[in-house]
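Just so it is clear, the structure is predicted and the values come from calculations on it, not from any experiment.
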Amino acid sequence: MRQVYRVAGTDLDQTSLKLTITLNQSERPLKPGAQPTYLSQLGLSTSSDPTLFNLQDRLFPGSGMRRPTRR
Amino acid sequence: MREAYIIFPTLIPFADSTKLNLSEVSDSLYKTPIYLLFQEGPPAKFVLRLQYNASSTGDRSTLDLNALQIRDGSEQLIVNGRVLERGVDYNISYDVGQITFLDPDGLFGTAGTTQVTARFEERGIFAIAPTSIYGVASRYSLGQTGGINLIGIYQVEQSAFNRPQLGFEASANMVGGISTDLRFKPDAVTRFFNKLTSSPAVAPSRLDVNAEFAVTRPDPNRSGQAYLEEFEGDNGVPVSLRENLVGVLQQAAVRRWRDAGGWRLVRQRRCCPDDLAESDPQRHRRRRELRARDIDPSIQVAGSADQLETVLYTTLHADTAGGIVQQNNHSLWSLPARPNRPRWRSMVSALSSTGVDLSRTSFSSSGCSRAIPGRRIPPTSRS
């Protein structure tokens, strides 16, 4: 799985996590008509703020990401 | 699950051409096998910058960054606005991401909570050579007599490569030890000394047995076989034919050659099509232009890389020529003839000024041709 990136160990304060993605020190994608940041273009930002990392849905284990359950 | 992970919504987020421009796409990141990512993977393109708070408890002389494979020299630690200096304020283990503060009392004082800001770059957490370490420590108590301690460590190193590098062998090492801490009270010794003295001893005799025994069992080749890589895909070591790099042996050796009837090397010149054509076009035209296929017809050259080969032209004169041979091939005097004596000449050229590893060389190839004025003769020998 190369779409999963490890953040930190056991003592992480998840609410304090901030993430930015840059290419050549720029957060703005080059593709015309793209979102204003790579964070939002790659689907990691919240819907309201393209610069804010979506902790609830894109951080595991998070409060919003459900663990797989056995049926 | 005790760690945290950022999960992209797509499987190959940095190779998605629908969201990234062609200059931004890094699809090699997903095509390169994991075990080759560090050696042959694409260079880092995107940077994921994370900022978070993490708490640390316990010994305040150490700080765990909770990161592995930190890039050397990328860390920056700030305490109370002061940037700490590595080697003066702290030491760091880049492999496991652990920082050891050299003077935690002077650095943090008596304050209850101190904020340490750490910035660092972390490489991927993919292992190059997976290493497993198993350990066991045990103690068997014998009551008042003492006890026996057992300890053992077993380390296994494997290769993540399907084709390991030459010289690497999956190895293992086991270290085991036993130590005793035994205390005895020999009454016989007490009775013996009581017989030597007029009054019996008050303190009992005591015999302590402290012994250690350790054994190590290295297993340097667990698989029982070594892998030898084929050499077809490796680049060769070219032998430079530049005239300033090709020389003869020392004068003493040359004298021995002459005594043995060796050829005299009078003039040697490198034929490089570019500079010779500019400096002496007429002379250049008289020289043969050689391509790789002229030396070996079996050589197949792909594309337009069929360039002229650099040729070292060497003029040899008979060993009877005395003094400096003139331009018209006349010698100043003649030396006695040496019939039926071998005549040869040797030249040396350093492959590298700093040394080169030839242990993986499987063969060497060279070619030479004999040029006679007015005639064109194909290469006479190749080895």
Side-chain angles (χ1 to χ4, degrees), chain A residues 1-70, chain B residues 1-34 37 41 44-58 63-69 96-98 115 117-118 120 122-126:
Chain A
M1 292 188 300
R2 304 191 185 186
Q3 82 279 23
V4 180
Y5 288 80
R6 178 177 177 268
V7 178
T10 58
D11 301 324
L12 169 68
D13 180 8
Q14 294 190 1
T15 58
S16 66
L17 179 62
K18 297 178 181 177
L19 171 67
T20 58
I21 300 176
T22 59
L23 173 63
N24 296 329
Q25 299 181 348
S26 172
E27 291 187 58
R28 183 175 295 276
L30 302 176
K31 194 176 184 66
Q35 298 291 325
T37 64
Y38 284 114
L39 198 66
S40 59
Q41 183 71 4
L42 298 175
L44 293 180
S45 68
T46 60
S47 56
S48 58
D49 189 351
T51 62
L52 191 62
F53 176 57
N54 189 349
L55 283 169
Q56 191 171 10
D57 295 331
R58 301 263 62 94
L59 184 67
F60 181 83
S63 57
M65 184 168 289
R66 291 180 298 178
R67 297 167 185 263
T69 56
R70 181 179 300 175
Chain B
M1 183 68 69
R2 302 183 61 187
E3 296 180 331
Y5 298 89
I6 295 173
I7 302 179
F8 284 77
T10 57
L11 292 177
I12 47 175
F14 295 110
D16 191 351
S17 59
T18 61
K19 295 183 178 180
L20 298 175
N21 209 349
L22 289 179
S23 61
E24 301 168 321
V25 168
S26 178
D27 52 353
S28 300
L29 180 64
Y30 306 100
K31 294 179 180 178
T32 307
I34 290 179
L37 268 179
K45 213 168 189 180
F46 286 90
V47 176
L48 277 69
R49 192 180 304 276
L50 296 101
Q51 181 179 352
Y52 55 86
N53 295 332
S55 59
S56 176
T57 58
L63 176 63
D64 191 1
L65 295 178
N66 289 325
L68 304 175
Q69 300 289 338
V96 298
Q98 189 172 55
Q115 183 174 2
T117 302
F120 55 90
E122 180 186 8
R123 297 189 295 179
I125 57 175
F126 311 108

Can you tell me how far apart CG (A:Asn24) and CD (B:Glu24) are? Round to the nearest 0.5 Å.
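Here the rounded value is 9.0 Å.
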
Measure distances from B:Thr18 to the heavy atoms of chain A and classify the residue's part below 4.5 Å as side chain, backbone, both or neither.
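For B:Thr18, the backbone is the part near chain A, not the side chain.
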
Applying side-chain contact (heavy atoms from CB on, under 4.5 Å), run through B:Leu20 and A:Leu42 and close with a yes or a no.
CA-CA 9 Å; B:Leu20 298 175; A:Leu42 298 175; 4.3 Å; yes

Any idea which heavy atoms bring A:Leu30 and B:Ser23 closest together, and the distance?
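Looking at all heavy atoms of both residues, the closest pair is CD1-OG, 3.7 Å.
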
Do you know the tightest heavy-atom contact between B:Lys19 and A:Gln41?
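The answer is O-NE2, 2.8 Å.
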
Side chains of B:Ile6 and A:Phe53 in contact at under 4.5 Å (non-hydrogen atoms)
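In short, these two side chains touch, coming nearer than 4.5 Å.
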
When you compare the side chain of A:Leu19 with that of B:Tyr52, does any pair of heavy atoms fall below 4.5 Å?
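Contact flag for B:Tyr52/A:Leu19 side chains = no.
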
Given B:Leu48, which of A:Thr22, A:Leu44, A:Ile21 fulfils the side chain to side chain contact (heavy atoms under 4.5 Å, CB included) condition?
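With B:Leu48 as partner, A:Thr22, A:Leu44, A:Ile21 yield a single side chain to side chain contact (heavy atoms under 4.5 Å, CB included), made by A:Ile21.
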
